[in-house]
K.L.:
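Quick one: structure below, then a few questions.
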Amino acid sequence: MIPTIRRVAATPFTVGLMAFAALSAMLSAPASADALQQQAQAVFGSGEAPKPHFSKAEAALGRVLFFDTRIGRDGTNCGTCHEQSKGGADGRKTALGAFGRQGKRNTPTIVDIVPQISMHWTGDRESLADQAIRALTAPPAYAHASTDEALAVIKALSDLNEGFNALYDDGVTAANWGKALSAYQEHLVTTSAFDRYLQGDAQALNAAQKEGLKTFINTGCAGCHNGRLLGGTSYQKFGIVADYTQHTGSQEDIGRMAFTGKESDRRVFKVPPLRHVVQTAPYFHDGSVAELKDAIDIMAKVQLGRTLSDDDNQAIQTFLQAVTAPMPAELQRP
């Protein structure tokens with residue numbers, strides 16, 4: 001089993017050290033290239049993409065809805081914050097939504113978005129469908145006064161109404177809106193060099209990328225950033241061994257505590273996936289760090305209590321280049 005940190009204990013310092021120690025004990029330094037590949041497969045999986053739960057027809061409808069400027073109150077749509085040229089994110093520190101409202105948190109990519117334990121930085125959306133439905137009334141998104149108001153707008157657009165009726169017996173409903181948008185996003189899947197390596201192609205990574213992979217694992221990064229997405233499978237306190245605000249210049253964000261009300265969730269966030277991280281600057285929940293090099297250094301310090309050498313930092317960056325891939329052609333208006 002791959003050790004993941006599902007919850008945060010009362011002593012986060014020991015939690016972080018235990019996670020690192022457990023990973024290090026299970027995954028000792030490989031003696032050969034084949035051993036490194038096997039080690040990576042144990043931590044990150046087979047490299048195979050998850051099978052979609054929805055049909056291509058539903059994904060095609062979802063793509064239309066994703067970019068449609070007629071549904072939101074001021075033309076804001078999902079594509080406003082998720083651009084192909086920005087790695088499926090928006091390149092801003094925090095999202096800019098309907099009527100110029102500034103969001104509180106950084107926009108994550110929607111490419112290779114599954115599987116994750118939840119959506120949003122604090123996990124306050126249970127699924128892609130939940131996120132899509134609640135976006136209809138979220139002030140920074142579609143900004144409708146009610147879900148019924150939003151659905152009435154969709155029903156009044158004959159092409160969209162016909163599209164729903166062609167796929168769903170009950171036509172335009174909140175549930176079907178969620179299904180269609182989930183289908184589209186689940187189909188936004190890429191294959192990276194690292195995926196091919198995990199699938200068995202030992203030559204898919206070059207020597208520098210393999211060295212970066214070893215550094216990523218041996219440093220302790222994979223204690224939380226594991227699985228196909230290199231994250232998204234657990235929650236963790238930001239700043240286990242040091243106060244992150246002292247390194248990022250941020251104001252405190254209580255994180256998941258705002259959603260759960262639990263003191264133990266203060267400064268806890270979902271561990272962000274690192275797929276496409278080289279394309280989605282700036283970094284962290286508040287976009288407070290502009291450069292990947294700095295983000296890596298900060299994570300080593302505040303999560304693991306380590307100071308990386310320039311060589312180790314560069315090695316990790318080189319590995320992360322192998323984890324990204326060109327954006328899908330479908331991530332644009334049909």
Side-chain angles (χ1 to χ4, degrees), residues 53-55 57-83 88-90 92 94-110 113-114 116-188 253-261 265 270 285 333-334:
H53 296 91
F54 303 96
S55 68
E58 287 177 292
L61 173 61
R63 182 180 180 185
V64 171
L65 299 174
F66 192 90
F67 292 101
D68 199 306
T69 60
R70 301 170 297 173
I71 300 171
R73 287 186 57 210
D74 73 338
T76 296
N77 56 84
C78 300
T80 302
C81 294
H82 299 285
E83 303 178 36
D90 60 8
R92 299 177 181 275
T94 59
L96 186 65
F99 304 107
R101 294 188 179 101
Q102 193 73 46
K104 183 178 180 180
R105 298 202 173 97
N106 181 256
T107 300
T109 183
I110 57 158
I113 198 170
V114 293
Q116 295 191 59
I117 55 173
S118 60
M119 297 295 121
H120 282 195
W121 281 93
T122 60
D124 61 342
R125 301 291 188 268
E126 294 181 358
S127 63
L128 285 172
D130 183 37
Q131 155 59 18
I133 293 167
R134 293 171 67 176
L136 289 171
T137 54
Y142 288 86
H144 285 289
S146 67
T147 302
D148 287 342
E149 177 185 285
L151 296 178
V153 170
I154 297 171
K155 289 177 182 178
L157 299 168
S158 60
D159 56 328
L160 299 187
N161 196 43
E162 291 171 6
F164 274 91
N165 289 332
L167 290 178
Y168 306 112
D169 291 341
D170 47 355
V172 177
T173 66
N176 292 339
W177 161 268
K179 289 178 184 177
L181 283 167
S182 296
Y184 170 60
Q185 292 173 81
E186 281 197 2
H187 278 77
L188 294 175
D253 184 328
I254 64 172
R256 191 165 162 77
M257 181 181 173
F259 170 51
T260 67
D265 281 332
K270 182 180 67 177
H285 63 278
R333 191 178 305 280

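Reckoned from all heavy atoms, side chains included, excluding hydrogens, waters and symmetry mates. Keep in mind the model is a prediction, meaning the values are calculated, not measured.
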K.L.:
Give me the atom names and distance for the closest heavy-atom approach of Ile71 to Ile154.
P.N.:
CG2-CG1, 4.0 Å

K.L.:
Is the backbone of Leu181 close enough, under 3.5 Å, to the side chain of Gln185 for a donor and an acceptor to pair up by distance?
P.N.:
yes

K.L.:
Considering all heavy atoms of both residues, which atom of Thr173 and which atom of Leu151 are nearest to each other, and what is their separation?
P.N.:
C-CD2, 3.9 Å

K.L.:
Looking at CG of Leu128 and NZ of Lys179, how far apart are the two atoms once the value is rounded to the nearest 0.5 Å?
P.N.:
14.5 Å

K.L.:
What is the minimum heavy-atom distance between Gly123 and Ser118, and which atoms define it?
P.N.:
CA-OG, 3.1 Å

K.L.:
Going through the checks in order, is the side chain to side chain contact (heavy atoms under 4.5 Å, CB included) test met by Lys155 and Leu160?
P.N.:
CA-CA 7 Å; Lys155 289 177 182 178; Leu160 299 187; over 6 Å; no

K.L.:
According to the ring-ring contact (aromatic ring centres under 6.0 Å, His included) rule, which pairs have a member within residues 118-143, sequence neighbours left out?
P.N.:
Tyr142-Trp177

K.L.:
In chain order, what residues pass the side-chain contact (heavy atoms from CB on, under 4.5 Å) check against Glu149, with sequence neighbours excluded?
P.N.:
Arg73, His144, Ala145, Ser146

K.L.:
Check whether any side-chain heavy atom of Lys270 sits under 4.5 Å from a side-chain heavy atom of Gln116, and report yes or no.
P.N.:
yes

K.L.:
Who are the side-chain contact (heavy atoms from CB on, under 4.5 Å) partners of Asp159, not counting sequence neighbours?
P.N.:
Arg70, Leu157

K.L.:
Between Asn176 (side chain only) and Val172 (backbone N and O only), is there a donor and an acceptor less than 3.5 Å apart?
P.N.:
no

K.L.:
For the backbone of Gly255 and the side chain of Asp265, can you confirm whether one donor and one acceptor N or O come within less than 3.5 Å of each other?
P.N.:
no

K.L.:
Strictly distance-based, threshold 3.5 Å: is any side-chain N or O of Asn77 a donor or acceptor partner for the main-chain N or O of Gly75?
P.N.:
yes

K.L.:
Only counting residues at least two apart or in another chain, list the ones meeting side-chain contact (heavy atoms from CB on, under 4.5 Å) with Ala138.
P.N.:
Pro140, Ala141

K.L.:
So, for Arg92 and Asn106, which heavy atoms are closest and what is the spacing to 0.1 Å?
P.N.:
O-ND2, 3.0 Å

K.L.:
Would you mind writing out the side-chain donor-acceptor pairs for residues 161-168 within the sub-3.5 Å range, not counting sequence neighbours?
P.N.:
{"from": "Asn165", "atom 1": "ND2", "to": "Asn161", "atom 2": "O", "distance (Å)": "3.2"}
{"from": "Tyr168", "atom 1": "OH", "to": "Glu58", "atom 2": "OE2", "distance (Å)": "2.8"}

K.L.:
Would you say the side chain of Phe67 lies within less than 4.5 Å of the side chain of Pro334, judging by non-hydrogen atoms?
P.N.:
yes

K.L.:
Taking atom CZ of Arg125 and atom CE of Met119, what is their separation to the nearest 0.5 Å?
P.N.:
11.5 Å

K.L.:
Which distance, rounded to the nearest 0.5 Å, do you find between the CG of Leu136 and the CZ of Arg134?
P.N.:
12.0 Å

K.L.:
Cys81 and Ala95: which non-hydrogen atoms are nearest, and at how many Å?
P.N.:
SG-CB, 4.1 Å

K.L.:
Work out which heavy atom in Tyr184 is nearest to a heavy atom in Gly62; give both atom names and the distance.
P.N.:
CB-C, 3.7 Å

K.L.:
With no hydrogens and no angle check, just 3.5 Å: does a side-chain donor-acceptor pair link Thr107 and Asp90?
P.N.:
yes

K.L.:
Where the side chain of His285 meets the backbone of Arg105, is there a donor-acceptor pair that is under 3.5 Å apart?
P.N.:
no

K.L.:
Just how far is it from atom NE2 of His82 to atom CZ of Phe66, taken to the nearest 0.5 Å?
P.N.:
5.5 Å

K.L.:
Check side-chain contact (heavy atoms from CB on, under 4.5 Å) between Ile254 and all other residues, then give those that pass, not counting sequence neighbours.
P.N.:
Glu252, Met257, Ala258, Arg266

K.L.:
Once you round to the nearest 0.5 Å, how far does NE2 of His187 lie from OG of Ser182?
P.N.:
12.0 Å

K.L.:
Between Phe99 and Thr76, is any pair of side-chain heavy atoms under 4.5 Å apart?
P.N.:
no

K.L.:
Enter the distance from Ile110:CD1 to Glu83:CD here, rounded to the nearest 0.5 Å.
P.N.:
11.0 Å

K.L.:
Among side-chain atoms of Thr94 and Gln102, is any donor-acceptor pair under 3.5 angstrom?
P.N.:
yes

